[in-house]
Amino acid sequence: MGDKENNYVKIPKDHPRITSLLYRHKIIEGMKNLVVAEAGLIAHGRGECFDYILGEKTNDFAIHAINAAVAQLLLAQHPVISVNGNVAALCPEDLVILSNTVNAPLEINIFYRKKGRVNAIKKLLEEAGGKNILGTDESIMVEIEELSSNRRNVDPKGIKISDVVFIPLEDGDRTEALKKLGKTVISVDLNPLSRTAIWADITIVDNIIRTLPIMTKIALKYKNYAKEQLKKIVDEFNNKKNIQNVLDFVIKYINLQKEKAFSILYK
Ligand code: PTJ
């Protein structure tokens, strides 16, 4: 992020929350360039809040889910990665790298269909090296009848024919609709209690900015695995247990933070 974009606020390099501030800035810039919807700022703030109670790190339960997610993507006949404004603004390069590694096209699928947004996201992904981005040609889009929101318009070469859909930062309605269509759904959501987290087959409770590079690293390893090995990884994953582990972690983490805070308050 150059100085030009940062000209109205100088973030000191030694600021204790520099990473968080820089990603906030990406979201704000994204909103100015139409990539991010106004509501995307609120969604990002909600994500930050959940990240805080997860210790702002990729926990073991997330790694476990990531392993299953990558194996599932590599096993798929027609995998697809659904991209919205927030994800595009936060990590365009990582999306392109993962897409190339697991052979899953990127499909732009947005909730807030403001004029110019799809093109702005497409441009950003192409600048990051993306090619053949789906969801960009209005004239060929088809509808998912199960869904009433703008997300119902999907690409006939992408989500429509997919068997496995990777949906980072998704709203619950679409997750439910995709499940009803018989798709296998992989989500990344910092909120373990969101409808998406609960409905998905594999829920990665982690920040997308940390998740994508780890997924690529694991995909490079798993690409050499036999189908049976990948299937075993998927079969051994249990999403109910996963959500349970996340919630147990959050309870423990908050109790620990409470103790720490009180040791200062009552010093
Ligand atoms: O670009 P559009 O028009 O498709 O709109 C995108 C948003 C994100 C605005 C839209 O999908 C939306 O309103 O989503 P929700 O219903 O707010 O859900 C977003 C979920 O993502 C919430 O559960 C957040 O906690 C979570 N979230 C936010 N930031 C991150 C995140 N999860 C992982 N990593 C993040 N960085």
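Counting starts at 1 for both ligands and their atoms, following the listed order.
- Residue-ligand proximity, Asp189 to ligand 1, at heavy-atom distances under 4.0 Å covers atoms 20 (C), 21 (O), 22 (C), 23 (O), 24 (C), 25 (O), 26 (C), 32 (N).
- A salt bridge links Glu38 and Lys114; the closest N-O separation between the charged side-chain nitrogens and carboxylate oxygens is under 4.0 Å.
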In residues 233-241, what donor-acceptor pairs under 3.5 Å come from side-chain atoms, sequence neighbours left out?
residue : atom : partner : partner atom : Å
Asp235  : OD2  : Lys231  : NZ           : 3.4
Glu236  : OE2  : Lys232  : NZ           : 3.2
Asn238  : OD1  : Lys240  : N            : 2.9
Asn238  : OD1  : Lys241  : N            : 3.2
Asn239  : OD1  : Thr203  : N            : 3.1
Asn239  : OD1  : Asn242  : ND2          : 2.9
Asn239  : ND2  : Ala200  : O            : 3.0
Asn239  : ND2  : Thr203  : OG1          : 2.9
Lys241  : NZ   : Asn245  : OD1          : 3.2

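- Set against the non-hydrogen atoms of Asn191, the atoms of ligand 1 under 4.0 Å away are 23 (O), 25 (O).
- Salt-bridge check for Asp189 with Arg46: failed, with every basic side-chain N at 4.0 Å or more from each acidic carboxylate O.
- For ligand 1, the atoms lying closer than 4.0 Å to a non-hydrogen atom of Gly40 are 9 (C).
- Residue-to-ligand polar distances place Leu190 within reach of ligand 1: an N/O pair is separated by less than 3.5 Å.
- Looking only at protein heavy atoms, the nearest one to atom 28 (C) of ligand 1 is Ala43 O, 3.2 Å.
- Numbered from 1 in the order shown, with element, the atoms of ligand 1 that lie under 4.0 Å from a heavy atom of Leu90 read 36 (N).
- A distance of 10.0 Å separates CG of Leu230 from CG of Asn224, quoted to the nearest 0.5 Å.
- Ring geometry for Phe262 against Tyr266 counts as tilted: the plane angle lies between 30° and 60°, on a 0 to 90° scale.
- The nearest protein heavy atom to atom 30 (C) of ligand 1 is closer than 4.0 Å.
- Between Asn207 and ligand 1, a contact under 3.5 Å exists for at least one N or O pair.
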- Message: Using side-chain contact (heavy atoms from CB on, under 4.5 Å), reason through Asn84 and Val87 one step at a time and then give a plain yes or no.
- Response: CA-CA 6 Å; Asn84 66 23; Val87 181; 3.3 Å; yes
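- Remark: ligand 1 atoms within the under-4.0 Å shell around heavy atoms of Asp206 are 33 (C), 34 (N).
- Set against the non-hydrogen atoms of Gly47, the atoms of ligand 1 under 4.0 Å away are 25 (O), 27 (N), 28 (C), 29 (N).
- Checked by distance only, ligand 1 and Gly85 come closer than 3.5 Å through their nitrogen or oxygen atoms.
- Scanning the protein for heavy atoms near atom 11 (O) of ligand 1, the closest one is Arg151 NH2, 2.7 Å.
- Geometrically, ligand 1 and Ala39 share no nitrogen or oxygen pair separated by less than 3.5 Å.
- Salt-bridge annotation for Glu48 and Arg24: present, with a side-chain N of the basic residue lying under 4.0 Å from a carboxylate O of the acidic one.
- Between Glu48, Arg46, Arg195, it is Arg46 that holds the heavy atom closest to atom 15 (P) of ligand 1.
- The structure places CD1 of Ile27 at 12.5 Å from CG of Leu22, a figure rounded to the nearest 0.5 Å.
- Screening residues 161-180 for salt bridge (Lys or Arg N to Asp or Glu O under 4.0 Å) gives Arg151-Glu170, Arg151-Asp171, Glu170-Arg174, Asp173-Arg195, Glu176-Lys180, Glu176-Arg195, Lys179-Asp201 as the qualifying pairs, with residues at least two apart or on separate chains.
- When only interatomic distances are considered, the shortest N/O to N/O separation between Arg117 and ligand 1 falls below 3.5 Å.
- Classification of Arg113 and Glu138 as a salt-bridged pair holds, one side-chain N sitting under 4.0 Å from a carboxylate O.
- Looking at Ile208 next to ligand 1, an N or O pair under 3.5 Å apart turns up.
- Taking every heavy atom of Phe111 and a limit of under 4.0 angstrom, the matching atoms of ligand 1 come to 2 (P), 3 (O), 4 (O).
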- Task: Go through the steps to decide whether Asn207 and Tyr23 satisfy the test side-chain hydrogen bond (donor to acceptor under 3.5 Å, both in side chains), and finish with yes or no.
- Result: CA-CA 11 Å; Asn207 196 321; Tyr23 278 103; over 6 Å; no
